[in-house]
Undergrad: 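Submitted below is the structure of interest, expressed as structure tokens.
Protein chains get the first letters and strands the later ones, always in sequence-line order, with residue 1 at the start of each.
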There are 2 protein chains.
Amino acid sequence: MKKLRFYHSRANQQIVLLTTDYQLLTTARSLRLLKLLFMSQTYINQLKDHIGESVVLKGWLYNKRSSGKLVFLQLRDGTGIVQCVVFKPNDEALYDLADSIGQESSIIVTGTVKEDTRSSIGVELDVTALEVLQNVHDYPITPKEHGTEFLMDNRHLWIRSKKQHAVLKIRHTVIKAVRDFFDNRGFTLADTPIFTPAACEGTTTLFEVDYFGDDKAYLTQSGQLYNEATAAAFGKSYAFGPTFRAEKSKTRRHLTEFWMVEPEVAYAGYEDMMDLGEAMILSIVERVLTDRQEELKTLERDTTVLEAINSPFPRLHYDDAVKMLQEGFAKGELENNFEWGGDFGAPDETYLSTQHGKPVFVHHFPAAIKGFYFEVDKDRPECALGIDLLAPEGYGEIIGGGERATSLEYLEEQLKHHDLPQEIFEWYLDLRRYGSVPHAGFGMGIERCTAWMAGIEHVRETIPFPRMLYRLRP
Amino acid sequence: MKKLRFYHSRANQQIVLLTTDYQLLTTARSLRLLKLLFMSQTYINQLKDHIGESVVLKGWLYNKRSSGKLVFLQLRDGTGIVQCVVFKPNDEALYDLADSIGQESSIIVTGTVKEDTRSSIGVELDVTALEVLQNVHDYPITPKEHGTEFLMDNRHLWIRSKKQHAVLKIRHTVIKAVRDFFDNRGFTLADTPIFTPAACEGTTTLFEVDYFGDDKAYLTQSGQLYNEATAAAFGKSYAFGPTFRAEKSKTRRHLTEFWMVEPEVAYAGYEDMMDLGEAMILSIVERVLTDRQEELKTLERDTTVLEAINSPFPRLHYDDAVKMLQEGFAKGELENNFEWGGDFGAPDETYLSTQHGKPVFVHHFPAAIKGFYFEVDKDRPECALGIDLLAPEGYGEIIGGGERATSLEYLEEQLKHHDLPQEIFEWYLDLRRYGSVPHAGFGMGIERCTAWMAGIEHVRETIPFPRMLYRLRP
């Protein structure tokens, strides 16, 4: 690295940091601040504010290209990628060093920021010094094609790649948008437990944990039942955490460990949840389009379909959805004829959502296919006041929820009917014994929503370290 | 409830909603908007903006007091508690109804908002109508004293109580402050997996999960090892999720399931982590003091000790901490004489932090008592570049972290030395094979931090549904 000169400017009460050739690097009011400035090294996404200045970048070699007298280093530091140019006639030793390093070598590059209109980030770097921390020559993920299993085995390295990096940045933005949405609307975050003594919906897909030898715990599948308790305490609450399903299905939509956001509102009905879900989705779409343009471009996402999403979302009664599916079958657009009473399969969901080009709510599902806790339509008790939101482009159900039953007697019957042990649910029934109120909520899976925003095929790429039927590593 | 009158005002293109005695309730540009306005019922924390207006409140009876001609209903709706006054001579039937309801009855109250300087929220309500959804008469948690076990068994109801409510609101603010802190500083949220094939530090305190019969998974104790991979991808990353320890200790500081935030920074050292941790703590303290004044008052928290916390936090070398403890023993202020090489016990932590009245960093711990992954001081290899932050007032260690080893060879040795199977850590060693860089991070437990902010004794009250050695319910 270049040698530096420090000056203390008495006039301005400032410390001035210059290069040996008197280029101003930075100023600060104290040594402590100066140190902090150096801790916050210059990051690539800040380079546009430093045109003409000398900066220090710390990162890894993403890619390299040489052509006679020039070496072009693609440096990544986690915030972006910038082209760093070494010109042989300027410094032959520097050129040889730059030319010798392999992909993912860890390097510290000093250089001058130059405007460059051809670059996607608007700048490039004229290298003046290069420090190589580790010269790597056998990085396993090369720019050539690799099989999925190989990439998943190397997930800890794969996340450094442009597209994986972009998907995970979008994931963060989705989560931030969701949290801000609820925080700004008076919801209280109340994390529900991961260890539960009972399942929300049956026990076949539960992971079992040995709890100190003499007890069994199950990993939560949904925080809903607990949210109903927190909604009675806070009026509006939400949980946001990992949930678990021991599903043996190996589809592109399933993970054994996935993150869910679950709002719950006291004194609200299923229609309120369609309003709330719609507003939440709109705010996610807007935030992703605003904050993640660069990443969407990297993923070659067709953003026009996201930009076209607007209020109101169609709201289909299950009866009408069934009619629509039967018409689809009659027209030869669906393979199977759907019958009233069934649950939608993936082709049904795709068919329903592609009729509208935006997310579609379906409500009033048959009570028989829904959980024990659903409120039913008083005039048609065979219909539960459940809602699903189907995402466009075949991304399937991303929201599921509805209105919860308020009557103690009804719930006691339902527990018997579903063969669930009442003893374990006594606390839940207490919510109907002590100040029962109409209430409703829903859950949204973060990975499905992220896959939809990013326009990618498989949810396994929407989480840093996916867990699936045959995937527990790295 | 009162009957209402709708008018459509052609002049203003508005729908006008009046009571039967022509009091203006609200106006809206469409029926849809009107519905939305009604979905967003008036909440108690908004009442100050509605003085003189008639509003509808939906909630539960927190407490009741009658005195001859007056009934005072304390109504809670999750955002606050307001006194609702019923005057017998105005409406005898209303008075009788109000007088008949028990604690935690679910009620909808219509009334006029009146300024009241004696009220902590500045207003009270003159009730004009009351709808009782459920009249409750046997609510188990009465204003009298209850035992802890009883309250914990009724945690789903206990969270409705003023103090528990206040603690959980503070928890939410702590979490929000932490997330905003990292989001605003260019950190990428990267959730680490809950199911892991190996432990970060030994296996005695791990929860084991049966993973589809032919494999075992362990519940994560820390996302750190994975954070090291995401920091290499994003430069600055953080994980925020539940972690698990099967500790058989039943102390006031331990839960089997607790939430941690864990930042990790590439190209950073242990001193940077002290800077980062200090800045994070200061931003949490500031946010809690700003946003949760009311709750701190409810908890009778001495806020002067929080207000006194400022930069810089003292930074003690472990050697000096040992000296200080030995002096404490000599003065008779500590029961046991601390010796170099040991880990601090609770009395030691309390002693060290009470010497300063603000949080204290200790660094350079003996390598022998730290994890296998710590970087050591080149000049004193018996010292690890680890940092702990001890909270004041006896709240103990709330941050633990440090600089991670960068050398492949050193880590391979350490795995052998700690008797850990290298095969499971191959992916982790890859981070030293492919672009190894200096990096550091730390973890902070949300529950301990919340207990400290709220000034409460036991962490079990800082999480909605605590899990402990003998506590898996509700």
Undergrad: For chain B, which of A:Thr192, A:Val209, A:Ile194 has the most heavy-atom pairs under 4.5 Å?
TA: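 It is A:Ile194.
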Undergrad: Under a 4.0 Å threshold between the charged nitrogen and the carboxylate oxygen, would B:Asp180 count as salt-bridged to A:Lys176?
TA: yes
Undergrad: Using ring centroids (six-membered ring only for Trp), state whether A:Phe207 and B:Phe212 fall under 6.0 Å.
TA: yes
Undergrad: Among B:Thr230, B:Leu431, B:Leu469, which residue forms the greatest number of heavy-atom pairs with chain A at distances under 4.5 Å?
TA: B:Leu469
Undergrad: Could A:Asp138 and B:Arg433 be called an ion pair, given the rule that one side-chain N must be under 4.0 Å from one carboxylate O?
TA: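 So A:Asp138 does not pair with B:Arg433 through a salt bridge.
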Undergrad: Looking at A:Ala229, A:Pro193, A:Pro438, A:Pro464, which makes the most heavy-atom pairs under 4.5 Å with chain B?
TA: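 Sorted descending by pairs with chain B, the first entry is A:Pro193.
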Undergrad: Let me know if B:Lys162 has heavy atoms under 4.5 Å from chain A in its side chain, its backbone, both or neither.
TA: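 No part of B:Lys162 comes within 4.5 Å of chain A.
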Undergrad: Tell me, for A:Ile107 versus chain B, whether the close heavy atoms (under 4.5 Å) come from the side chain, the backbone, both or neither.
TA: backbone
Undergrad: Considering only heavy atoms, which portion of B:Leu157 lies under 4.5 Å from any heavy atom of chain A: side chain, backbone, both, or neither?
TA: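 The side chain, not the backbone.
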Undergrad: Do you know which of A:Ser436, A:Gly235, A:Ala190 has the most heavy-atom pairs under 4.5 Å to chain B?
TA: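 Winner by heavy-atom pair count: A:Ser436.
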Undergrad: Do you know which of B:Tyr428, B:Phe465, B:Tyr434 has the most heavy-atom pairs under 4.5 Å to chain A?
TA: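 Between B:Tyr428, B:Phe465, B:Tyr434, the count favours B:Tyr434.
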Undergrad: Is the side chain of A:Arg467 donor-acceptor paired with the backbone N or O of B:Phe195 at a distance under 3.5 Å, no angle test?
TA: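 Present.
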Undergrad: Hey, could you give me the CD1/CZ distance between B:Ile175 and A:Phe240, rounded to the nearest 0.5 Å?
TA: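 If we round to the nearest 0.5 Å, B:Ile175:CD1 and A:Phe240:CZ are 12.0 Å apart.
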Undergrad: If I measure from the heavy atoms of chain A, does B:Tyr470 come under 4.5 Å with its side chain, its backbone, both, or neither?
TA: neither
Undergrad: Go through it in stages, so that I can follow the logic: the residues are B:Ile446 and A:Asp191, the test is side-chain contact (heavy atoms from CB on, under 4.5 Å), and I'd like the CA-CA distance, side-chain angles, deciding distance and then a yes or no.
TA: CA-CA 12 Å; B:Ile446 295 303; A:Asp191 302 312; over 6 Å; no
Undergrad: Return the set of residues passing side chain to side chain contact (heavy atoms under 4.5 Å, CB included) with B:Pro466 (not counting sequence neighbours), or none when no residue passes.
TA: B:Met152, B:Arg155, B:Leu255, B:Arg460, B:Ile463, B:Met468
Undergrad: What's the separation between atom CG in A:Asp215 and atom CZ in B:Arg471, rounded to the nearest 0.5 Å?
TA: 11.5 Å
Undergrad: Can you tell me how far the CD1 atom of A:Ile159 sits from the OH atom of B:Tyr226, to the nearest 0.5 Å?
TA: 11.0 Å
Undergrad: Quick one: of A:Gln164, A:His137, A:Glu247, who has the most non-hydrogen atom pairs under 4.5 Å with chain B?
TA: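 Ranked by contacts with chain B, first place is A:Glu247.
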Undergrad: Is it the case that over 12 heavy atoms from other parts of the model lie below 6.0 angstrom from the NZ atom of A:Lys216?
TA: yes
Undergrad: Just by distance, do the side chain of B:Glu104 and the backbone of A:Gly435 share a donor-acceptor pair under 3.5 Å?
TA: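 Pair absent, no side-chain N/O of B:Glu104 close to backbone of A:Gly435.
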Undergrad: Name the region of B:Phe187, side chain, backbone, both or neither, that has any atom closer than 4.5 Å to a heavy atom of chain A.
TA: backbone
Undergrad: Which atoms of B:Ala239 are under 4.5 Å from chain A, going by heavy atoms: the side chain, the backbone, both sets, or neither?
TA: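 Looking at B:Ala239, nothing touches chain A.
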Undergrad: For B:Arg432, enumerate each residue passing the salt bridge (Lys or Arg N to Asp or Glu O under 4.0 Å) test, keeping only those at least two apart in sequence or located in another chain.
TA: B:Glu228
Undergrad: Using a cut-off of under 4.5 Å on heavy-atom pairs, state which of A:His156, A:Arg160, A:Lys169 scores highest against chain B.
TA: A:His156
Undergrad: Without swapping roles, check the side chain of B:His172 against the backbone of A:Leu189 for a donor-acceptor pair under 3.5 Å.
TA: yes
Undergrad: Taking it one step at a time, do B:Asp430 and A:Asn154 satisfy side-chain contact (heavy atoms from CB on, under 4.5 Å)?
TA: CA-CA 9 Å; B:Asp430 275 354; A:Asn154 286 286; 4.1 Å; yes
Undergrad: Quick one: does B:Ser106's side chain have a donor or acceptor within less than 3.5 Å of a partner on A:Val437's backbone?
TA: no
Undergrad: Does B:Arg473 come within less than 4.0 Å of A:Glu426, counting only side-chain N to carboxylate O?
TA: no
Undergrad: Can you check side-chain contact (heavy atoms from CB on, under 4.5 Å) on B:Tyr267 and A:Ile108, steps first, answer last?
TA: CA-CA 10 Å; B:Tyr267 288 102; A:Ile108 298 177; 3.8 Å; yes
Undergrad: Answer yes if the side chains of A:Tyr211 and B:Thr256 hold a donor-acceptor pair under 3.5 Å, and no otherwise.
TA: yes
Undergrad: I'd like to verify something: which residue of A:Asp210, A:Asp183, A:Asp77, A:Leu168 has the highest number of heavy-atom pairs under 4.5 Å with chain B?
TA: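 That would be A:Asp183.
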Undergrad: Highest number of heavy-atom pairs under 4.5 Å with chain A: which of B:Ala266, B:Ala217, B:Ala233, B:Gly269?
TA: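 Result: the option with the highest number of such pairs is B:Ala233.
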Undergrad: Among B:Ala232, B:Pro242, B:Gly186, which has the most heavy-atom pairs under 4.5 Å with chain A?
TA: B:Ala232
Undergrad: Do the side chain of A:Trp427 and the main chain of B:Pro474 share a donor and acceptor less than 3.5 angstrom apart?
TA: no
